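Scroll down for the structure; my scribbles are underneath it.
Note that the structure is a prediction, hence the values are computed from the model and not measured. Hydrogens, waters and symmetry mates are skipped; everything else that's a heavy atom, side chains included, is used.
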Amino acid sequence: MGNGRGVGAALRHLDAHGSEPGAPVLAEALAHFLVDRCESHHAGWRVVRRVVVDSAADAPWEKCARRAVPRVAEDLLTLSAQPGRTPLARAQHFAARRRAEQIARHLDRGAIFAGLGLAPRVVTAERWEAALGSAVGSRSREQVARSVELSLRD
């Protein structure tokens with residue numbers, strides 16, 4: 001899977017055999033691939049990453065990527081238990097979301113709010129992670145701001 005070949009086949013195999021004993025190993029291998037692939041294949045992740053970099057955050061990128069892998073593997077196993085097949089784009093989106101949630105823990109929220117032109121506010125860690133995770137569906141800085149704003153409304 002390192003070069004991207006066989007990912008679709010691996011997802012189909014996981015969909016068909018997700019309850020078998022070896023499924024977690026395959027899910028983790030897929031998760032590693034998908035988390036790494038965010039940099040080149042998920043536009044929303046790249047926009048969120050740019051917002052974070054522009055905030056001058058000194059985020060532990062690789063550490064957070066590694067921490068996202070088990071969550072993505074869990075997501076893949078959950079998806080495999082649902083009817084139908086898991087499209088690659090959906091699996092990739094889960095990986096981008098989990099990466100954003102992990103990086104959110106290390107950010108200065110005030111700097112992110114200021115960079116996005118949002119009023120600072122106090123939010124729980126869980127809500128902040130969910131808000132940044134939801135922003136990976138964005139294609140621009142303005143969409144990230146709207147997504148975060150909507151996620152944090154009471």
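- If you check the side chains of Asp15 and Ser80, you find no donor sitting under 3.5 Å from an acceptor.
- Classification of Asp75 and Arg97 as a salt-bridged pair fails, no side-chain N sitting under 4.0 Å from a carboxylate O.
- In plain terms, the two heavy atoms of Ala31 and Leu76 that are nearest each other are N-CD1, 3.9 Å.
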Stepwise side-chain contact (heavy atoms from CB on, under 4.5 Å) test for Leu11 and Leu79: CA-CA 10 Å; Leu11 280 170; Leu79 288 171; over 6 Å; no

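- Residues passing the ring-ring contact (aromatic ring centres under 6.0 Å, His included) test with Trp61, sequence neighbours excluded: none.
- The two residues Ala10 and Leu26 come nearest to each other via the heavy atoms O-CD2, 3.6 Å.
- Identified under the ring-ring contact (aromatic ring centres under 6.0 Å, His included) test for residues 78-111, with sequence neighbours left out: His42-His93.
- No donor-acceptor pair closer than 3.5 Å links the side chain of Arg98 to the backbone N or O of Ala96.
- Residues Val35 and Ala95 approach most closely at N-CB, 4.0 Å, considering heavy atoms.
- Considering CD of Gln82 and CG of Leu77, their distance stands at 11.5 Å, rounded to 0.5 Å.
- A distance-only check finds a donor-acceptor pair linking the side chain of Arg127 to the backbone of Leu152 [under 3.5 Å].
- Smallest separation of non-hydrogen atoms from Ala91 and Leu34: CB-CD1, 3.7 Å.
- No more than 12 heavy atoms of other residues, nucleotides or ligands lie within 6.0 Å of CD in Glu62, so this atom counts as exposed by the packing criterion.
- You'll find the side chain of Leu14 stays beyond 4.5 Å of the side chain of Thr86, heavy atoms only.
- Side-chain contact check for Arg99 versus Ile103: every heavy-atom pair is 4.5 Å or farther apart.
- Arg141 has its side chain out of reach of Val144: every pair of non-hydrogen atoms, C-beta onward, lies at least 4.5 Å apart.
- One hydrophobic cluster, built from ILVMFWY side chains closer than 4.5 Å, cannot hold both Leu150 and Ile112; they sit in different ones.
- When side chains are defined from C-beta on, Arg71 counts as touching Glu101, because their heavy atoms get closer than 4.5 Å.
- Under the 3.5 Å distance criterion, with hydrogens and angles disregarded, a donor-acceptor pair is assigned to the side chains of Ser151 and Ser134.
- Salt-bridge annotation for Glu129 and Arg105: present, with a side-chain N of the basic residue lying under 4.0 Å from a carboxylate O of the acidic one.
- Counting heavy atoms from C-beta outward, Val51 and Leu132 have side chains that stay 4.5 Å or more apart.
- A salt bridge does not link Glu149 with Arg146: none of the charged nitrogens is closer than 4.0 Å to a carboxylate oxygen.
- The line from CZ of Arg49 to SG of Cys38 is 10.5 Å long, rounded to the nearest 0.5 Å.
- The minimum heavy-atom distance linking Val148 with Ala135 is given by the pair CG2-CB, 4.2 Å.
- With rounding to the nearest 0.5 angstrom, the CZ atom of Arg12 is 10.0 Å from the CG atom of Leu88.
- To the nearest 0.5 Å, the span separating CZ on Arg46 from CD on Glu39 amounts to 8.5 Å.
- In terms of the side chain to side chain contact (heavy atoms under 4.5 Å, CB included) criterion, residue partners of Ala111 (sequence neighbours excluded) are, by chain and number, Ser55, Asp108.
- Remark: Leu116 CG to Gln143 CD distance equals 12.5 Å, nearest 0.5 Å.
- Between Ala100 and Val136, the shortest heavy-atom distance links the atoms CB-CG1, 3.7 Å.
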